[in-house]
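So the structure is just underneath, and the comments pick up after that.
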2 protein chains.
Amino acid sequence: MSSQRFTPTLNDVAQQAGVSTATVSRCLNSPERVIESTRNKVFEAINSLGYSPNFGARVMAARRTNTIGAIIPTMENAIFARGLQAFQEELRMQGYTLLVASSSYQQDIEEEQIRSLVARGADGLLLIGHDRKSDICQFLETQDVPALVAWTHDATARLPSIGFDNRKSMQALATHVLEMGHRRIGVISADTNTNDRARLRVEGIRDACRVAHLNPDALQIIQTTYGIESGAKAFAELISGPNHPTAIMCGNDVLAVGAMKQARDMAIDVPKDVSITGFDDIELARVVTPALTTVHVPHRDMGRRAAQTLINMVVSKTAVSSVELSTDTCLRGSLAPPPAP
Amino acid sequence: MSSQRFTPTLNDVAQQAGVSTATVSRCLNSPERVIESTRNKVFEAINSLGYSPNFGARVMAARRTNTIGAIIPTMENAIFARGLQAFQEELRMQGYTLLVASSSYQQDIEEEQIRSLVARGADGLLLIGHDRKSDICQFLETQDVPALVAWTHDATARLPSIGFDNRKSMQALATHVLEMGHRRIGVISADTNTNDRARLRVEGIRDACRVAHLNPDALQIIQTTYGIESGAKAFAELISGPNHPTAIMCGNDVLAVGAMKQARDMAIDVPKDVSITGFDDIELARVVTPALTTVHVPHRDMGRRAAQTLINMVVSKTAVSSVELSTDTCLRGSLAPPPAP
DNA sequence: GTCACCAATGTAAGCGCTTACATCATCATT
DNA sequence: AATGATGATGTAAGCGCTTACATTGGTGAC
């Protein structure tokens with residue numbers, strides 16, 4: 001019960017218990033290898049000293065951490081939340097700890113975070129999307145840290161991925177929109193240069209146009225950042241131009257919800273005057289009025305399987321192949337035929 | 001360009017560059033102390049080897065990490081997202097890295113995460129709320145890791161806090177509700193046993209009742225978990241009882257939005273038939289129809305100031321005093337006088 | 001009684017890094 | 001030319017832990 005500031009070490013515990021440091025270490029790591037009476041003495045000492053092992057030292061000596069790192073573009077909205085929560089729950093169950101960092105959708109920050117988590121001894125990494133410089137992949141290979149990409153699927157990419165086909169999923173939704181009779185389509189997307197999910201989703205819409213013999217270049221596309229306010233602003237812009245779209249397809253639900261809010265503020269009726277669609281099917285989609293037509297992504301399943309896959313990669317040190325999950329188109333109230341001309 | 005799996009160390013770099021390990025270390029930590037020509041040689045070696053410092057070793061030798069840990073109850077919804085994002089941005093600006101862990105609103109998991117982050121060398125910790133066992137506070141003191149509590153304010157608590165008065169804020173909102181004429185009030189709250197914010201908010205409603213000479217025990221309170229679906233379910237329960245409330249006050253916006261969704265599904269008009277209020281003023285609140293009456297919490301400001309305060313604690317190793325931020329009541333469409341009897 | 005064997009514990013060598021201190025060259029000052 | 005600053009670099013001692021290997025003493029087989 002000394003009140004001085006002093007952090008007890010393994011050595012202190014050993015002395016207090018009258019054993020060697022090796023024995024204390026064994027008590028902590030493989031208790032069955034030390035006889036009960038000794039073990040009791042040691043744990044008594046540990047408690048009375050308030051000892052807690054130093055992680056850094058431990059890692060250095062044992063060279064593994066049971067830690068998985070995840071770097072997501074943002075924590076600010078719910079896109080990644082559900083999947084990540086499932087990811088973490090599964091990891092916990094298997095005895096791993098999750099460390100999360102966010103990159104604010106910026107490649108250089110992501111790179112910095114990757115290095116930081118690797119340096120901290122992450123045994124494996126979960127990343128979002130395939131858009132990153134190849135030297136950082138090289139770095140991961142050199143360091144021998146397995147990495148898994150989620151939220152997208154690309155069997156040809158350098159890193160294995162577990163996710164869905166953003167392009168195909170969006171094409172399916174766009175096909176519905178076109179079949180309803182819409183011909184002037186607006187798109188609100190995130191930056192397609194640095195965000196492969198956004199890029200692929202836009203490509204999916206273009207694919208659908210081609211199939212329907214429409215000129216994909218006629219799409220009115222606005223690129224912005226993910227966020228409700230951005231969606232609102234982009235909607236206002238699209239809708240106030242001449243020849244404005246009768247359907248606005250958004251790169252995700254957050255943008256779509258922003259668009260719907262703006263529509264309401266401008267007294268534009270959804271879906272009578274204009275249809276709006278999203279992507280992700282986060283909880284939000286069912287909360288707004290009318291409910292949002294969107295693409296359902298199996299976030300929890302993806303998160304759980306990502307955890308299993310990544311642990312597998314870490315443990316077996318072998319490569320795994322990419323997994324494609326399927327999505328569903330969710331038709332809800334925000335999509336209807338275009339108004340009569 | 002060797003392809004074998006081998007992680008280069010400081011020593012390898014030193015040899016490759018023909019200098020001592022000390023010089024390499026200096027290049028990394030205080031480059032101005034190394035002459036340019038040497039520095040170039042070293043960085044060349046670093047790049048050609050793909051060297052990346054080992055964090056554990058570094059921490060052990062230098063005994064600080066420039067890392068701040070945060071443990072939040074959940075990542076699953078947006079309650080903590082905005083504040084945490086601001087927290088992280090401020091930390092980054094000051095050269096600190098943020099590590100986030102989540103506790104799923106469970107005390108024992110929180111404790112485990114605290115130990116884990118401390119063991120990983122977090123220089124300081126951000127925690128949410130004051131409800132935790134005292135031995136874990138003792139642990140933090142022994143380990144000499146400063147911790148700051150956010151999302152609530154309590155000048156008398158053991159740990160310093162930066163936040164707002166949950167009780168007073170909710171009382172202010174409840175007073176509005178009562179002034180509008182509501183007499184039968186329902187409450188949807190998170191678990192008040194383990195969540196001090198939830199407890200204080202309910203207390204605030206009771207305070208308002210007392211002031212209005214109403215019996216606080218007449219409140220119809222349902223405790224549930226935070227989540228849209230939970231809110232919906234609780235709403236259905238409250239509304240279908242006899243003598244059902246004319247106003248339902250929710251512990252946060254997420255619950256409130258769930259309640260509104262359920263109202264819509266049950267064809268109950270908000271606010272004509274029943275009023276609904278939230279707490280937090282997350283983006284969601286302005287997206288639903290009608291917009292949600294709630295308490296505005298200055299999340300970003302709180303996050304930013306928490307970062308500054310915590311860094312200050314870490315650097316100066318001195319205690320700081322708690323800071324109280326003020327909240328605003330946001331009156332929006334979801335609150336109206338009760339229907340005529 | 002001797003020996004081999006085994007379980008319990010101790011000894012000590014690192015793990016990769018930082019940093020106090022020592023060394024050495026350089027250069028302005030006297 | 002001798003002196004002392006000054007700045008650049010090297011030397012080596014840990015940081016707290018794990019673990020291969022060494023030691024010890026007790027067991028049962030012969």
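The figures here come from the full heavy-atom set of this structure, side chains too, leaving out hydrogens, waters and symmetry mates. In what follows, chains are A, B, ... by sequence order, proteins preceding strands, each numbered from 1. Computed from a predicted structure; not experimentally measured.
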Exercise for the section: Would you classify A/Thr38 as touching base, sugar-phosphate or nothing, given that sugar-phosphate means primed atoms plus P, OP1 and OP2, and contacts are heavy atoms under 4.0 Å? Expected result: sugar-phosphate
Exercise for the section: State which residues pass ring-ring contact (aromatic ring centres under 6.0 Å, His included) with A/Tyr105; sequence neighbours excluded, sorted by chain then number. Expected result: A/Tyr226
Problem - 5' priority, DNA chain D, between B/Ser20 and B/Ala61 [closest heavy atom] - result: B/Ser20
Handout entry: Gap between atoms CZ and C1', on A/Arg33 and C/dA7 respectively (whole Å)
Key = 10 Å
Handout entry: Whole-Å distance separating the CD1 atom of B/Ile35 from the P atom of C/dA25
Key = 15 Å
Practice task
Run the salt-bridge test on A/Arg158 and A/Glu141 with the 4.0 Å N-O cut-off and return the result as yes or no.
Solution key: yes
Practice task
Assign A/Tyr51 to base, sugar-phosphate, or nothing according to its heavy-atom contacts below 4.0 angstrom with the strands shown.
Solution key: sugar-phosphate
Exercise for the section: Apply side chain to side chain donor-acceptor pair (under 3.5 Å) to A/Asn66 and list each qualifying residue two or more places apart in sequence or on a separate chain. Expected result: none
Handout entry: Inter- and intrachain pairs under salt bridge (Lys or Arg N to Asp or Glu O under 4.0 Å), touching residues 94-112 of chain B, at least two apart
Key = A/Arg92-B/Glu112, B/Glu110-B/Arg132, B/Glu111-B/Arg115, B/Glu111-B/Lys133
Practice task
Output all residues satisfying ring-ring contact (aromatic ring centres under 6.0 Å, His included) with B/Phe80, sequence neighbours left out; order by chain, then residue number.
Solution key: B/Trp151
Handout entry: Under the side chain to side chain donor-acceptor pair (under 3.5 Å) test, residues paired with B/Asn29 that sit two or more places apart
Key = B/Ser25, B/Arg58
Handout entry: Partner set under ring-ring contact (aromatic ring centres under 6.0 Å, His included) for A/Phe139, not counting sequence neighbours
Key = none
Completion exercise
Angle separating the five-pair end axes of the helix from C/dG1-D/dC30 to C/dT30-D/dA1, nearest 10°, is 50°
Exercise for the section: Quick one: list whatever passes side chain to side chain contact (heavy atoms under 4.5 Å, CB included) with A/Val315, sequence neighbours left out. Expected result: A/Tyr96, A/Ile311
Exercise for the section: Give a yes or no on whether a salt bridge exists between B/Glu89 and B/Arg300, defined as a side-chain N under 4.0 angstrom from a carboxylate O. Expected result: yes
Handout entry: First-last contacting nucleotides on DNA chain D - partner chain B, under 4.0 angstrom, heavy atom
Key = D/dA8 to D/dG16
Fill in the blank from the handout: Residues of residues 22-32 of chain B with a heavy atom under 4.0 Å from any atom of DNA chain D, listed by number, are B/Ala22, B/Thr23, B/Arg26
Fill in the blank from the handout: residues 32-41 of chain B vs side chain to side chain donor-acceptor pair (under 3.5 Å), sequence neighbours excluded, gives none
Exercise for the section: Would you indicate what B/Val59 reaches in the nucleic acid, counting non-hydrogen atoms under 4.0 angstrom: base, sugar-phosphate, or nothing? Expected result: nothing
Fill in the blank from the handout: For A/His153, the ring-ring contact (aromatic ring centres under 6.0 Å, His included) test, sequence neighbours excluded, returns none
